[in-house]
Amino acid sequence: MGSEQQYIELYEQARQIIFDHAPEAMNAVRDQAFENFRKQGFPSKRVERYKYTDMQKLFEPDYGVNLSRLQIPVDPYEAFRCDVPNLSTSLYFVVNDMFYTQAQPKGHLPQGVIVGSLRDNPKLLSKYYAKLAKTSEDAVTALNTMLAQDGLLIYVPKNVKVDRAIQVINILKATPQNAQRQVPDLMVNRRVLIVLEEGAEIKMLFCDHAADDRNFLATQVIEAYVGDHASLDLYCMEETHHKNVRVSNVYIDQQANSHVNHNVITLHNGTTRNKLDLTFSGEGSECQCYGCVIADKEQHVDNNTLITHKVPHCTSNELYKYVLDDKATGAFAGRVLVEHGAQKTSSQMTNQNLTATKEARMYTQPMLEIYADDVKCAHGSTVGQLNDAALFYMRQRGISLQEAKLLLQNAFINEVIDKMQLEPLRDRLHYLVEKRFRGELNKCDGCRLCK
């Protein structure tokens, strides 16, 4: 037994406290999640889907957990300085794993739309919670399910279109000092449930930030149900710091003729592990999955995707791009599974990567597993460096080597950004990416975390 033992002991000792501070629907699946976690333990690097990230090592430190639901004193507008302005979004905050109720968006939501705490919506919680995120199949999902006590619910009823994008700011804030024991580090278990009924449409932007110079470990499980003819745009942007560990599992189920855009953007981080499991359960559905990663120093970013075509006439497209500098490590493992009977499937998976130094490392593993004979599927990956001929051409015209590298890196990563449907975010990301390459993104005016 490795690093999971401390979490087993934590649950056994604090089970009643956890139950007392959580809604019934979350408690109903908690003990089973614990048993599944105890049986599995954290996956080793010999497990195929975790071969590029040492999960035992990530969960080994002794993190504090706010099981008693102490209120964390924080002004989210003060903590959230490095924002993405001028997006005309409805702005909500989640502090650690608790929906922040004291700050309400300026815009009004359409009739029947819910953005709020899981505990305040027991009927929807009982119907949908933990149905996609199988605790028997993933130890991190099991750990999150056994410890999570609240979370965020987004619900859009039938044929309702939310024109104004919903922006959720996830703020990591360390717990106050305990009189008996100071807890320097914090573990957060965040839960998100998204439900789109038939014909519903919504655009979501999640921004992850850290408001303290502490070691954080954040596990996140997102379950998204996308009904017939519904449309979900889900953007997840991380801009934390080098002391942050983020492990995020996203589960998406698409019904007939639905559409999903899923975008993952990693601009600043410590260690990040993103997993996407997307299933086509209804015919005529389509998904676009894009990711861009900029990493340097000793940052680590691992994206793992599984797209399952269970029914015919569905289309999936994936494009992930990485730019790695210094001693950064990147990993992409993508698998497309076309099951028996899923004829007329169309799938394209592409992973392209730039390593700016000899010390940077990139691991790439695109995979196709096909059990139908009338499909159109392709995949490919590349790992390389900046084009010497292009650099020489630009330098001959008076452009410095540093500026030439910047222009080529921008052009490389912008292919992903240009595919994003949320236009104000797309425009802002062009600016943020250029600042990131120039080393200026962590020097934003007015941000207390920037050093």
Is the shortest side-chain N to carboxylate O distance from Arg214 to Asp185 below 4.0 Å?
no

So how far is it from Leu429 CG to Leu267 CG, rounded to the nearest 0.5 Å?
6.5 Å

Can you confirm whether more than 12 heavy atoms, excluding those of Lys127, are under 6.0 Å from its NZ atom?
no

Is Glu298 atom CD crowded by more than 12 heavy atoms from other residues, nucleotides or ligands, each under 6.0 Å away?
no

More than 12 non-hydrogen atoms from neighbouring residues, nucleotides or ligands closer than 6.0 Å to CD on Glu24, yes or no?
no

We want to know whether Asp31 and Tyr11 form a side-chain donor-acceptor pair, criterion being a heavy-atom distance below 3.5 angstrom.
yes

So which atom in Gln40 and which in Ala139 form the shortest heavy-atom distance, rounded to 0.1 Å?
OE1-N, 3.4 Å

Flag, side chain of Asn414 to backbone of Asn410, donor-acceptor distance under 3.5 Å:
yes

Side chain to side chain donor-acceptor pair (under 3.5 Å) with Glu48: which residues, sequence neighbours excluded?
Gln365

Is it true that Arg436 and Asp296 make a salt bridge, defined as a side-chain N closer than 4.0 Å to a carboxylate O?
yes

Looking only at side-chain N and O atoms, does Asp138 offer a donor or acceptor that is under 3.5 Å from a partner on Asn249?
yes

I'd like to know if Lys297 and Asp326 make a salt bridge, using a cut-off of under 4.0 Å between side-chain N and carboxylate O.
no

Between the side chains of Arg38 and Glu12, is the shortest nitrogen-to-carboxylate-oxygen separation below 4.0 Å, so that they form an ion pair?
yes

Please report the shortest heavy-atom distance between Ala22 and Asn27, naming the atom on each side.
O-ND2, 3.3 Å

Test Asp97 against Arg190 for salt bridge (charged side-chain N to carboxylate O under 4.0 Å, His left out), laying out the working first.
CA-CA 5 Å; Asp97 58 356; Arg190 186 183 303 125; over 6 Å; no

Ser258 meets the side-chain contact (heavy atoms from CB on, under 4.5 Å) criterion, sequence neighbours left out, with Val226, Gln254, Ser285

Classify the side-chain pair Lys275/Tyr251 by whether it contains a donor and acceptor separated by less than 3.5 Å.
yes

Has the side chain of Tyr235 got a donor or acceptor atom that lies under 3.5 Å from a matching backbone atom of Gln421?
yes

Supply the atom-to-atom distance Gln220 CD to Arg246 CZ, rounded to the nearest 0.5 angstrom.
5.0 Å

Taking 4.0 angstrom as the limit, do Arg191 and Glu223 come out as a salt bridge?
yes

Do you know which of Thr271, Thr53, Thr272, Thr329 makes side chain to side chain donor-acceptor pair (under 3.5 Å) with His300?
Thr53

